[in-house]
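Naming convention: chains lettered A, B, ... in sequence-line order (proteins, then strands); numbering from 1 in each chain.
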Number of protein chains: 2
Amino acid sequence: MTTPTQAELEILNILWGMGELRVQEVHKQLNEVRPIGYTTTLKMMQVMAQKGLLARQLDGRSHIYSPVIQESTTKNKLLSRFVDSTFGGSRSQLLMQLLGNAKVSDEELKEIKDFLAQIEE
Amino acid sequence: MTTPTQAELEILNILWGMGELRVQEVHKQLNEVRPIGYTTTLKMMQVMAQKGLLARQLDGRSHIYSPVIQESTTKNKLLSRFVDSTFGGSRSQLLMQLLGNAKVSDEELKEIKDFLAQIEE
DNA sequence: CCTTTACTACGATGGTTGTCGTAGTAAAGT
DNA sequence: ACTTTACTACGACAACCATCGTAGTAAAGG
């Protein structure tokens with residue numbers, strides 16, 4: 001399975017949030033973050049469709065694109081790869097790097113603890 | 001500051017573990033993992049030295065290379081970037097992905113909780 | 001002194017990624 | 001019918017990354 005590149009992930013993140021969109025709308029959202037040409041967005045999405053990352057269906061004269069791969073599956077894969085390459089595969093080492101940073105808000109900390117408690121059951 | 005690429009990180013990981021080494025030795029260690037040409041390793045390390053990622057000093061007719069950038073600083077930066085691009089900057093979201101989907105051993109879980117408790121102070 | 005060996009320097013290449021420009025086509029407005 | 005607009009298809013391109021080949025230079029061994 002192909003994993004998305006950086007720019008592809010940006011598009012996927014939009015689509016995961018919105019379900020399905022036309023290029024135009026994805027493009028608009030991308031441009032709220034950074035300048036990018038319309039044909040760039042288009043090309044990316046076409047390539048992604050060809051790769052099997054996106055599906056598209058004709059609607060009038062334009063296409064509507066929707067994500068094929070699942071968010072959590074994909075992010076899991078990316079995370080796994082990142083842990084491998086950066087932390088030698090050690091999840092806890094990543095964790096300590098993540099939390100040892102001291103920039104974790106109390107709120108985040110609480111979220112995490114709640115989550116841990118929930119897992120425990 | 002330039003951040004290391006994938007292949008550069010492999011070399012850095014070796015050097016962080018060993019302190020300082022000649023190309024030959026780094027090359028040998030890399031080859032224990034995957035096949036790679038000597039000049040490839042050499043070129044990488046030369047480029048890294050030029051980028052300021054490595055320092056080198058002459059020893060006889062060869063160079064001894066050592067890392068300039070710090071391990072935790074670097075990994076922090078990489079982690080930060082990864083969180084931004086993949087999880088929209090949310091550390092807790094990364095955490096839940098990390099703990100929720102993959103299998104976490106009880107041991108790891110304990111490590112994490114201990115660490116959290118320690119942070120809390 | 002000559003040959004082999006050990007490093008190094010330099011340049012070239014192929015693949016991937018992200019970026020557009022141009023041009024074609026179909027629809028919609030006038 | 002004609003012009004403008006909205007998408008799409010196609011190809012080109014620069015940047016970067018990883019990879020290596022070739023050739024130079026200096027030391028070491030005979």
Side-chain angles (χ1 to χ4, degrees), chain A residues 1-15 20-66 69 74 77-78 81-82 84-86, chain B residues 1-15 20-66 74 78 81-82 84-86:
Chain A
M1 310 283 172
T2 34
T3 49
T5 67
Q6 206 53 39
E8 286 172 349
L9 194 59
E10 286 183 87
I11 290 173
L12 279 169
N13 271 323
I14 291 173
L15 286 172
E20 45 181 38
L21 293 175
R22 298 199 203 82
V23 175
Q24 186 99 97
E25 293 164 325
V26 172
H27 177 60
K28 192 172 293 180
Q29 290 201 36
L30 280 183
N31 259 290
E32 286 173 8
V33 181
R34 65 193 175 96
I36 183 177
Y38 174 80
T39 48
T40 303
T41 307
L42 172 65
K43 181 69 167 188
M44 296 258 27
M45 292 177 73
Q46 285 172 344
V47 169
M48 288 171 76
Q50 198 201 332
K51 281 187 184 177
L53 298 176
L54 300 183
R56 65 181 205 176
Q57 87 198 71
L58 209 56
D59 172 64
R61 62 200 162 285
S62 74
H63 286 99
I64 297 185
Y65 289 80
S66 53
I69 59 178
T74 303
K77 215 170 284 180
L78 290 172
R81 183 190 300 179
F82 178 73
D84 284 347
S85 69
T86 306
Chain B
M1 309 283 174
T2 34
T3 49
T5 68
Q6 206 54 39
E8 287 172 349
L9 193 58
E10 287 184 87
I11 291 173
L12 279 169
N13 272 324
I14 290 172
L15 286 173
E20 45 179 38
L21 293 175
R22 298 200 203 81
V23 174
Q24 187 101 97
E25 293 163 327
V26 172
H27 177 58
K28 193 172 291 181
Q29 290 202 35
L30 279 183
N31 259 290
E32 285 173 9
V33 181
R34 65 194 174 94
I36 183 176
Y38 174 80
T39 48
T40 304
T41 307
L42 171 64
K43 181 69 167 188
M44 297 258 26
M45 291 177 72
Q46 284 173 344
V47 170
M48 287 170 77
Q50 198 201 332
K51 281 187 184 176
L53 297 177
L54 300 183
R56 65 182 203 175
Q57 88 198 70
L58 210 54
D59 173 64
R61 60 199 164 284
S62 72
H63 286 99
I64 298 186
Y65 289 80
S66 54
T74 303
L78 290 172
R81 183 191 296 178
F82 178 73
D84 283 348
S85 69
T86 307

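Contacts of residues 39-50 of chain A with DNA chain C (heavy atom under 4.0 Å): A:Thr39, A:Thr40, A:Lys43. DNA chain D lies under 4.0 Å from no heavy atom of any residue of residues 26-37 of chain A.
In this structure the side chain of B:Met44 never reaches within 4.5 angstrom of the side chain of B:Val26, judged on heavy atoms. The shortest side-chain heavy-atom distance between B:Gln46 and B:Tyr65 falls under the 4.5 Å cut-off. Side-chain atoms of B:Leu53 and B:Ile11, non-hydrogen and from C-beta on, never get closer than 4.5 Å to each other. Between A:Leu54 and A:Leu12 the shortest side-chain heavy-atom distance falls below 4.5 Å. With contacts defined as side-chain heavy-atom distances shorter than 4.5 Å, the pair A:Ile36/A:Asn31 qualifies. Using a 4.5 Å cut-off on side-chain heavy atoms (C-beta onward), B:Ile14 and B:Glu10 make no contact.
One interatomic measurement links the two molecules: CG of B:Leu53 to P of D:dA18, which rounds to 12 Å at whole-angstrom precision.
Projected onto DNA chain C by closest heavy-atom contact, B:Arg56 and A:Arg61 fall at different nucleotides, the more 5' of which corresponds to B:Arg56.
A distance of 9.0 Å separates CD of B:Glu20 from CG of B:Asp59, quoted to the nearest 0.5 Å.
For the pair A:Lys51 and A:Thr2, the tightest heavy-atom approach, listed with the atom from each and the gap, is O-OG1, 3.6 Å.
Heavy atoms from other residues, nucleotides or ligands lying under 6.0 Å from CD of A:Gln57 number more than 12.
Ring orientation note: the planes of B:His27 and B:Tyr38 are nearly perpendicular, at an angle over 60° on the 30°/60° scale.
Heavy-atom contacts of chain A under 4.0 Å fall on DNA chain C between two terminal nucleotides, which in 5' to 3' order are C:dT17 to C:dA27.
Among the protein residues, B:Glu8 comes within range of no part of the nucleic acid, since none of its heavy atoms lies under 4.0 Å from any strand.
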